[in-house]
Amino acid sequence: FPVTIRSLQLLRQLLLVLITKYKASFKTDQVIFPTFDAMSKKSTLLFFLALAIVLGAFGAHGLKKMVDAERIESFKTGVMYHLLMTIGLMVVRFSASFQAAHLSGFRWIFIGTCLFSGSIYLLVFNAIFNWPINAFIGPITPIGGVLMIVGWIQLGIIYCKNDDEK
């Protein structure tokens, strides 16, 4: 159990470093998400990927004694989508054909991933800490999924239009 508490403390420190690093991209009325420009930065995506790996390792090693197998599977699902969407966004962002037109779809995917995977993480952590959040966090998961789908469809349409123009 102390190893798990230490893992949570390290995760908290990582998040604080990320928030401090991108403090300039936060608006005063925007507490949760950095500005969209910061979302598309390559360094943000690399930290988002690192966070997925940290959470995946925590889920594989730290959660076993804290929650049941069903919640561990849910956590794995959150990590899997977090990783897949981050890698997909990295492919789009690091491609030579990335343009400002791609940002809209990119934003929907990023926000959708935060909502989808983030809500799953919170629901699993809720089983440990017993936060009163089940009523409003549960419905956020499918909203995040829909936003990811919308973003990928939007990117697909933009890339199809670009292919037709060539």
Residues two or more places apart in sequence or in another chain: which of them pass ring pair (Phe, Tyr, Trp, His ring centres under 6.0 Å) with Phe116? Tyr81
Which pairs count as side chain to side chain donor-acceptor pair (under 3.5 Å) when at least one residue sits in residues 48-60, sequence neighbours excluded? none
Pair Tyr159-Val92, side chain to side chain contact (heavy atoms under 4.5 Å, CB included): steps then yes or no: CA-CA 10 Å; Tyr159 275 104; Val92 170; 3.8 Å; yes
Nearest heavy-atom neighbours spanning Gly78 and Ser117: O-OG, 2.7 Å
What are the two closest non-hydrogen atoms of Val79 and Ala52, and how far apart are they? CG1-O, 3.8 Å
For residues Lys64 and Ile72, report the shortest heavy-atom separation together with the two atoms involved. CA-CD1, 3.7 Å
Between Ile137 and Leu122, which heavy-atom pair has the shortest distance, and what is it? CD1-CD1, 3.7 Å
Heavy-atom pair with the smallest gap, counting every atom of Arg93 and Leu45: CB-CD1, 3.6 Å
Linking I/L/V/M/F/W/Y whenever their side-chain heavy atoms sit closer than 4.5 Å, directly or via other members, would Met85 and Ile153 fall into one cluster? no
For a quick test of reading the model, state the closest non-hydrogen atom pair linking Gly144 to Leu115 and the distance between them. CA-CB, 3.8 Å
Does Leu83 form a side chain to side chain contact (heavy atoms under 4.5 Å, CB included) with Leu49? I'd like the steps, not just the answer. CA-CA 6 Å; Leu83 282 168; Leu49 179 63; 3.7 Å; yes
Linking I/L/V/M/F/W/Y whenever any side-chain heavy atoms sit under 4.5 Å apart, do Ile140 and Ile149 land together? no
Hey, what's the ring geometry for Tyr121 with Phe75, parallel, tilted or perpendicular (30° and 60° as the breaks)? tilted
Between CE on residue Met66 and CZ on residue Phe129, distance to nearest 0.5 Å: 5.5 Å
Before giving the answer on side chain to side chain contact (heavy atoms under 4.5 Å, CB included), spell out for Phe47 and Thr44 the whole-Å C-alpha distance, their side-chain angles and the decisive distance to 0.1 Å. CA-CA 5 Å; Phe47 282 116; Thr44 301; 5.9 Å; no
Could you go step by step and tell me if Thr113 and Phe48 meet the side chain to side chain contact (heavy atoms under 4.5 Å, CB included) rule? CA-CA 10 Å; Thr113 303; Phe48 203 51; 3.9 Å; yes
Please name all residues satisfying side-chain hydrogen bond (donor to acceptor under 3.5 Å, both in side chains) with Ser104, sequence neighbours left out, ordered by chain then number. Gln154
Any donor-acceptor pair under 3.5 Å from His82 side chain to Gly118 backbone: no
Check Ile157, Leu147, Ile109 against Trp152 for a side-chain contact (heavy atoms from CB on, under 4.5 Å) and give me the one that passes. Ile109
In this structure, CZ of Phe94 is separated from CG of Leu89 (nearest 0.5 Å) by 10.5 Å
